Amino acid sequence: MPVRQLSEGIVNRIAAGEVVERPASVVKELVENALDAGATRIEVLTDGGGRRLIRVSDDGAGMTPDDLALALERHATSKLPDDDLLDIRTLGFRGEALPSIGAVARLTITTRHAGEPHPWAITVDAGEKAQVKPGALGGGTRVEVRDLFYATPARLKFLKSDRSEGEAIRDVVRRLAMSRPDVAFTLAGEERTPVSWASALPGAPGHLARLSDILGAEFRANAVEVRGGREGLAIEGFAALPTLTRANSLGQYLFVNGRPVRDKLLIGVVRAAYADYLPRDRHPIVALFVTVDPHEVDVNVHPAKAEVRFRDPGLVRSLLIRALQDALARDGQRAATTGGSATIAALRPAAMPWRGTSGGTGGAWDWRRSPSRPTDAQGFAMAVRGGAMSGLAEAAQAAFDVGQPAADARVEVGEPAPELLDQPLGAARAQVHETYIVAQTRDGIVIVDQHAAHERIVYERLKAALARAGIARQILLIPEIVELDEADVERLVARADELARYGLVIEPFGPGAVAVRETPSLLGEIDAQALVRNLSEHMAEWDEALPLERRLMHVAATMACHGSVRAGRRLKPDEMNALLREMEATPNSGQCNHGRPTYVELKLGDIERLFGRR
């Protein structure tokens, strides 16, 4: 078959297939053009998930009639002044977006340049370009795309439902809005309620305000600022506390020189930075902004510019991990505010027993309709005598006597020391269910999970001891023999040197057992059987490519879990206060090694609202 030159129409449609994958791709290209034009306000309107209509309006610089006509030619752009593909400082530069869109849809562009007496407009119908003519527009540029892919009907079969395509458009606009908090965005459409994001101040406060608008106030309340970098690379952004996570990595955003990109590098970076805090099935919410010399990053590796390639990816990865780790260590003693709000929501009665209206939703509270009301005659009589006649006097409490309390609440005698109330975690007042410590602060109460808190303390001690001079061991008088599957024994013996670094010395003891000869002295008396079995189960899930340091951290986390104060152990008041003080002095004490919060704080104002006192 002879070689022939493809027609211009076919070439344009091939280019459209690379650039315009779906309606969201069109929105991305048009919004990026608006941002490159210096817009401070961008409005996006869609209909039918972008199939029937996409309209992007901005207040940017606009174009002259000559520029407008040339912009619809392939490979025509105003964003490469020096033809240097290694110095890309704009979001778009290929010059293929507008002609590609015009090749598969009905495209209308109306624009007004500041130096022109009136606006100009041009239309393109399936690649057929009309003449430039006067238009109607106050300022900036308006681009309308109607009947997307009508010129290539086969592409329509690959589109999803209007709702799915609308969500893809929303995600694109959200990412671009996150990258430019100084620009106001409005997103509206038939399939969604209009949403607007007002412009914010530049810098970290503005970024946090915009991220809060998009990711929710919950993220703002639990975000820590990330900053770092060197060698001409700057890192900024925000990351959520380890106690605020999701089941997937869709809440992780990376921006390089203002460009939203999807890069597997980010997933690995976040997993490494949060390895001390989260299990592998949980993912934190982060938004990181990387600024680097354009010559150090290649943005021309993907037709849709959705991926980038760094000249030194190892350096970028290490700096991102360091910046995240520093941020988490700086605010590691905080626990997510979601714990307190979730606790208040759980405690709030769903339906209070009221009387005085036919529907039971108004009037005075009627204790006789309460689920806690006494059911026997004697209790009812005691309630009438004590409750109705004495109010909430001490004698009236007999009406609510349901036997001995299940909680072991040993309250301290006397008032706590004032200096303890001023501590971040307050003064211990009681231990409940032999598992939770209740502490009092100046403006609320704190509930601490004693096992989770001590687990983090022991883990940090293990890491510090290893960094100093290794972990001291204690030799068992009689070695502990642990029977396991042969495969588990092989895995443990193969990593005996790694375990020995943390003070756990094991040896093979026949084909289906190991002998534990030494244990970390820091852990005290532990259940060696349970520890070794747990380690063997974890090792079965390890990735062989996992670095040695990360494998050692897994070992330390497992040991910390087995060597910490267990739930069900009674603590004296001095022991409880000592644990609170250690938490305040320990890095990352706001969450345990598994990402669970170690404490929940309830402010007095929230408690008062719970009881209707506010």
Side-chain angles (χ1 to χ4, degrees), residues 208 217-226 238-245 274 276-278 284 325-344 347 409 411-412 414-432 435-461 463-464 560 564-565 567 571-610:
L208 183 57
E218 185 178 87
F219 175 80
R220 179 169 191 165
N222 298 283
V224 296
E225 185 177 357
V226 180
F238 292 88
L241 292 171
T243 41
L244 181 63
T245 61
Y274 280 81
D276 279 357
Y277 310 93
L278 296 181
Q325 288 177 336
D326 290 346
L328 294 174
R330 187 173 62 249
D331 288 340
Q333 292 178 335
R334 289 172 54 193
T337 60
T338 51
S341 59
T343 304
I344 292 295
L347 292 174
V411 182
E412 293 182 30
E415 291 295 322
E419 61 271 15
L420 293 182
L421 293 177
D422 293 325
Q423 297 293 330
L425 296 181
R429 302 304 303 271
Q431 184 187 24
V432 181
T435 303
Y436 303 101
I437 298 171
V438 180
Q440 176 184 346
T441 62
R442 288 288 183 188
D443 59 348
I445 64 173
V446 175
I447 304 174
V448 177
D449 183 335
Q450 66 189 39
H451 172 65
H454 198 242
E455 183 179 351
R456 169 58 69 177
I457 292 171
V458 172
Y459 179 51
E460 295 296 335
R461 284 181 183 172
K463 292 199 306 182
S564 58
V565 173
L571 300 178
K572 297 178 181 178
D574 291 342
E575 292 176 317
M576 291 187 283
N577 278 309
L579 182 61
L580 296 179
R581 302 293 81 80
E582 280 194 272
M583 289 178 62
E584 294 165 354
T586 300
N588 311 314
S589 61
Q591 50 280 319
C592 74
N593 312 336
H594 311 295
R596 295 188 295 267
T598 57
Y599 71 90
V600 171
E601 184 175 7
L602 304 178
K603 295 298 185 182
L604 188 58
D606 294 330
I607 300 174
E608 289 176 342
R609 280 190 290 272
L610 179 66

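Not measured: the values here are computed from a predicted model.
- Note that CE of Met576 is 11.5 Å distant from NZ of Lys572, once rounded to the nearest 0.5 Å.
- Considering all non-hydrogen atoms of both residues, Asp443 and Glu601 come closest at OD1-OE2, 4.4 Å.
- At distances below 3.5 Å, at least one donor-acceptor pair connects side-chain atoms of Ser589 with backbone N or O atoms of Met583.
- Checked by atom type and distance alone, the side chain of Arg330 pairs as donor or acceptor with a backbone atom of Glu225 at under 3.5 Å.
- Glu584 is listed as a side-chain neighbour of Pro424, based on a closest heavy-atom distance under 4.5 Å.
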| Step by step, would you call Phe238 with Val224 a side-chain contact (heavy atoms from CB on, under 4.5 Å)? | CA-CA 5 Å; Phe238 292 88; Val224 296; over 6 Å; no
| task | Begin from the C-alpha positions of Lys603 and Glu608 and carry the test salt bridge (Lys or Arg N to Asp or Glu O under 4.0 Å) through to its verdict. | result | CA-CA 9 Å; Lys603 295 298 185 182; Glu608 289 176 342; over 6 Å; no
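- Salt-bridge formation is not detected for the pair Arg456/Glu582: no Lys NZ or Arg NE/NH1/NH2 atom is positioned less than 4.0 Å from an Asp or Glu carboxylate oxygen.
- Judged by distance alone, the side chain of Asp606 and the main-chain N or O of Leu602 form no donor-acceptor pair under 3.5 Å.
- With sequence neighbours excluded, the residues forming a side chain to side chain contact (heavy atoms under 4.5 Å, CB included) with Leu420 are Ala417, Ala427, Asn577, Arg581, listed by chain and number.
- The two residues Cys592 and Ala452 make their nearest non-hydrogen contact at CB-O, 3.6 Å.
- Nearest approach of Tyr274 to Ala240, heavy atoms of both residues: OH-O, 2.7 Å.
- Side-chain contact between Leu571 and Ile437 is present, with at least one heavy-atom pair separated by less than 4.5 Å.
- Inter-residue side-chain proximity for Leu244 and Pro284 is flagged as unmet; no heavy-atom pair is nearer than 4.5 Å.
- Judged by distance alone, the side chains of Asn588 and Tyr277 do bring a donor and an acceptor atom under 3.5 Å apart.
- Between the CZ atom in Arg220 and the CG atom in Leu208 there is a gap of 5.0 Å [rounded to 0.5 Å].
- Two residues are said to be in side-chain contact when any heavy atoms from C-beta on lie closer than 4.5 Å; Ile447 and Tyr599 fail this criterion.
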| query | Can you check side-chain contact (heavy atoms from CB on, under 4.5 Å) on Asp422 and Arg442, steps first, answer last? | reply | CA-CA 6 Å; Asp422 293 325; Arg442 288 288 183 188; 2.7 Å; yes
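- With a 4.5 Å cut-off on side-chain heavy atoms, Ile457 and Leu579 count as touching.
- Of the inter-residue distances, the one linking Thr586 atom OG1 with Tyr459 atom OH reads 13.5 Å to the nearest 0.5 angstrom.
- Residues meeting the side chain to side chain contact (heavy atoms under 4.5 Å, CB included) test with Ala439, sequence neighbours left out: Val446, Leu580.
- Note that CD of Glu455 is 10.5 Å distant from OG1 of Thr598, once rounded to the nearest 0.5 Å.
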